[in-house]
Asker: 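I have a structure I would like to understand better, so I am pasting it below and will then ask my questions one at a time.
Numbering starts at 1 and runs along the sequence shown.
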Amino acid sequence: MMRTRPLKVALLGCGVVGSEVARIMTTHADDLTARIGAPVELAGVAVRRPSKVRAGIDPALVTTDATALVKRGDIDVVIEVIGGIEPARALITTAFEHGASVVSANKALIAQDGAALHATAEQHGRDLYYEAAVAGAIPLIRPLRESLAGDKVNRVLGIVNGTTNFILDKMDSTGAGYQEALDEATALGYAEADPTADVEGFDAAAKAAILAGIAFHTRVRLDDVYREGMTEVTAADFASAKRMGCTIKLLAICERAAHGGSVTARVHPAMIPLSHPLASVREAYNAVFVEAEAAGQLMFYGPGAGGAPTASAVLGDLVAVCRNKLGEATGPGDSAYTQLPVSPMGEVVTRYHISLDVADKPGVLAQVATVFAEHGVSIDTVRQTGKDGEASLVVVTHRAPDAALSGTVEALRRLDTVRGVASIMRVEGE
């Protein structure tokens, strides 16, 4: 039987995402009612600037006192889309304490304090859902947390930041340099005025922490994720990648160690073969490749950001949480029973593409090869070009512990015949 009394929703934040959430709640009200089994009512909207005109939102619902809104006691669900750590953390905790479940899009907060927030939600018998925190509209967290709950996930490999993928795609397809591609991304609204969180990998690292924790049923915090940005990627790197039949992507990589006793989570630029499904992900799109024992290889693809796509994920969580509320139940909570340690980057087994500027004279290649051998790193291919006493030497290695590869590079820098290390990049997806 349809319940006539509405479920009341408080919205924290009414920017690009929040305004889309409010719009969809209004325009799709009848459909949401039918899908949930009860009407949902926007009961309050907390903002910083109440004087701003917000189309479709009753000004009487707008408040600057977010704390009072979540403390009301008649709120069933709080939607948090303000971002950042505080006051979001305090508001979510207060919402649980006053009887509300929470839907959040806050990747930074979930990556840093997800375990504590889940514990508070469980203590008060409430839900914490955050599909929108990773990869926008792409259904990813719920498939990992529910659809693959009976399987063993071994690897999650993905493009989870649209800004960086747009920049790298433009560098690849047009030959543009990094700054030129960044300027275009900024002009089109893909990049923020300060793009640091995106281009230095902080945004992707937060998402990697969330994905690793869910996929491997263990605690992975933001500080556990190894991170490298993509600002040093050059047109020459793309030229080298093309010669190898590869392209370059900023990847979030979460892996279970071969022995099964630990996990790793990392974000960095990498060369991937053009034959890999992720190589064809263009513009500002996101895609995540999941490898599970029984299910095999799965790929999730779609828009990873933007008001409407992110709001779609928020509304999906809202429907699920409201259904749970009507059924007097809660959905899946935190699952960290494996308690696997997170291995440091040095223990990760990877391949390297290393470009060296060297003296063009006999014996240089032998010296370089000796350094690799001394560090236990096997060489896959070598390409050398040069003239007028200077040369470029490109070495691609077989898989080896990252610490061994890093030690090799440091030793190469000390050779008199090596003028400099032009670029270093990992090779993934093989």
Asker: Give a yes or no on whether the ring-centroid distance for Phe372 and His398 is below 6.0 angstrom.
Answerer: no
Asker: Just by modelled atom types, is the Ala43 backbone N or O under 3.5 Å from a matching donor or acceptor in the Arg72 side chain?
Answerer: yes
Asker: Just by distance, do the side chain of Asn165 and the backbone of Val281 share a donor-acceptor pair under 3.5 Å?
Answerer: yes
Asker: Checking Lys107 against Ile210 for the side-chain contact (heavy atoms from CB on, under 4.5 Å) test, could you report, in this order, the C-alpha distance in whole Å, the side-chain angles of both residues, the deciding distance, and whether it holds?
Answerer: CA-CA 8 Å; Lys107 54 188 171 287; Ile210 295 170; 4.2 Å; yes
Asker: Can you find a heavy atom in the side chain of His353 that is under 4.5 Å from one in the side chain of Cys246?
Answerer: no
Asker: Between the side chains of Arg266 and Glu255, is the shortest nitrogen-to-carboxylate-oxygen separation below 4.0 Å, so that they form an ion pair?
Answerer: yes
Asker: I'd like to know if the side chain of His98 and the backbone of Thr94 have a donor-acceptor N/O pair within less than 3.5 Å.
Answerer: yes
Asker: State whether the side chain of Thr163 and the backbone N or O of Tyr190 hold a donor-acceptor pair below 3.5 Å, judged by distance alone.
Answerer: yes
Asker: What do you reckon, is CD of Glu410 surrounded by more than 12 foreign heavy atoms closer than 6.0 Å?
Answerer: yes
Asker: Within a radius of less than 6.0 Å around CD of Glu122, do more than 12 heavy atoms belonging to other residues, nucleotides or ligands occur?
Answerer: no
Asker: Using only atom types and a distance under 3.5 Å, with no angle test, would you say the side chain of Ser312 pairs donor to acceptor with the backbone of Ala308?
Answerer: no
Asker: Measure from the side-chain N and O atoms of Asn106 to the backbone N and O of Gly84, and report whether any donor-acceptor pair falls under 3.5 Å.
Answerer: yes
Asker: Check whether any side-chain heavy atom of Leu69 sits under 4.5 Å from a side-chain heavy atom of Leu12, and report yes or no.
Answerer: yes
Asker: Verify, without hydrogens or angle tests, whether Glu80 (side chain) and Gly83 (backbone) share a donor-acceptor contact under 3.5 angstrom.
Answerer: yes
Asker: As a quick check of understanding, evaluate side-chain contact (heavy atoms from CB on, under 4.5 Å) for Val160 and Val288, giving each step before the final call.
Answerer: CA-CA 7 Å; Val160 295; Val288 178; 3.9 Å; yes
Asker: Working to the nearest 0.5 angstrom, can you tell me the gap between Ser262 OG and Phe216 CZ?
Answerer: 10.0 Å
Asker: Check whether NZ of the Lys or CZ of the Arg Arg145 lies under 6.0 Å from the centre of the six-membered ring of Tyr129 and within 45 degrees of that ring's axis.
Answerer: yes
Asker: With the threshold set at 4.0 Å, does a side-chain nitrogen-carboxylate oxygen contact exist between Arg219 and Asp224?
Answerer: no
Asker: Has Glu293 got a side-chain atom pairing as donor or acceptor with Asp151's backbone, closer than 3.5 angstrom?
Answerer: no
Asker: Once you round to the nearest 0.5 Å, how far does OH of Tyr337 lie from OG1 of Thr218?
Answerer: 10.0 Å
Asker: Decide if atom CZ of Arg413 counts as having more than 12 heavy atoms of other residues, nucleotides or ligands within a radius under 6.0 Å.
Answerer: yes
Asker: Could you label the plane-to-plane angle of the Tyr301 and Tyr285 rings as parallel, tilted or perpendicular, counting under 30° as parallel and over 60° as perpendicular?
Answerer: parallel
Asker: Find out whether the Lys NZ or Arg CZ of Arg227 is both under 6.0 angstrom from the six-membered ring centre of Phe202 and within 45° of the ring's axis.
Answerer: yes
Asker: Any side-chain to backbone donor/acceptor pair from Thr397 onto Tyr352? Under 3.5 Å, distance only.
Answerer: yes
Asker: Quick one: NZ on Lys249 to CE on Met230, what's the gap to the nearest 0.5 Å?
Answerer: 11.0 Å
Asker: Do the side chains of Asp317 and Arg142 get nearer than 4.5 Å, heavy atoms only?
Answerer: yes
Asker: Nearest 0.5 Å, please: how far is CD1 in Ile141 from OG in Ser147?
Answerer: 13.0 Å
Asker: Could you give the distance from CG (Asp169) to CD1 (Ile248), rounded to the nearest 0.5 Å?
Answerer: 12.0 Å
Asker: For a salt bridge (charged side-chain N to carboxylate O under 4.0 Å, His left out) with Asp76, tell me which candidate from Lys325, Arg323, Lys8, Arg126 qualifies.
Answerer: Lys325
Asker: Hey, is CG on Asp30 packed in by over 12 heavy atoms from elsewhere, all under 6.0 Å?
Answerer: no
Asker: What I'd like to find out is whether the side chain of Val47 reaches to under 4.5 Å of the side chain of Lys52, using heavy atoms alone.
Answerer: no
Asker: Under 4.5 Å between any side-chain heavy atoms of Ile82 and Leu91, yes or no?
Answerer: yes
Asker: So for atom CD, which belongs to Glu232, do other residues, nucleotides or ligands contribute more than 12 heavy atoms lying within a distance under 6.0 Å?
Answerer: no
Asker: Considering only heavy atoms from C-beta outward, does the side chain of Leu117 approach that of Val102 to under 4.5 Å?
Answerer: no
Asker: Is the count of non-hydrogen atoms from other residues, nucleotides or ligands lying under 6.0 Å from Glu86 atom CD greater than 12?
Answerer: yes
Asker: Should we say atom CZ of Arg243 is surrounded by more than 12 heavy atoms from elsewhere, each under 6.0 Å from it?
Answerer: yes
Asker: Kindly indicate whether the side chain of Leu251, heavy atoms from C-beta on, has any atom under 4.5 Å from the side chain of Ile159.
Answerer: yes
Asker: Do Glu180 and Thr174 have side chains that get closer than 4.5 Å, going by heavy atoms?
Answerer: no
Asker: As an exercise, state the distance from CG of Leu42 to OG1 of Thr26, rounded to the nearest 0.5 Å.
Answerer: 6.5 Å
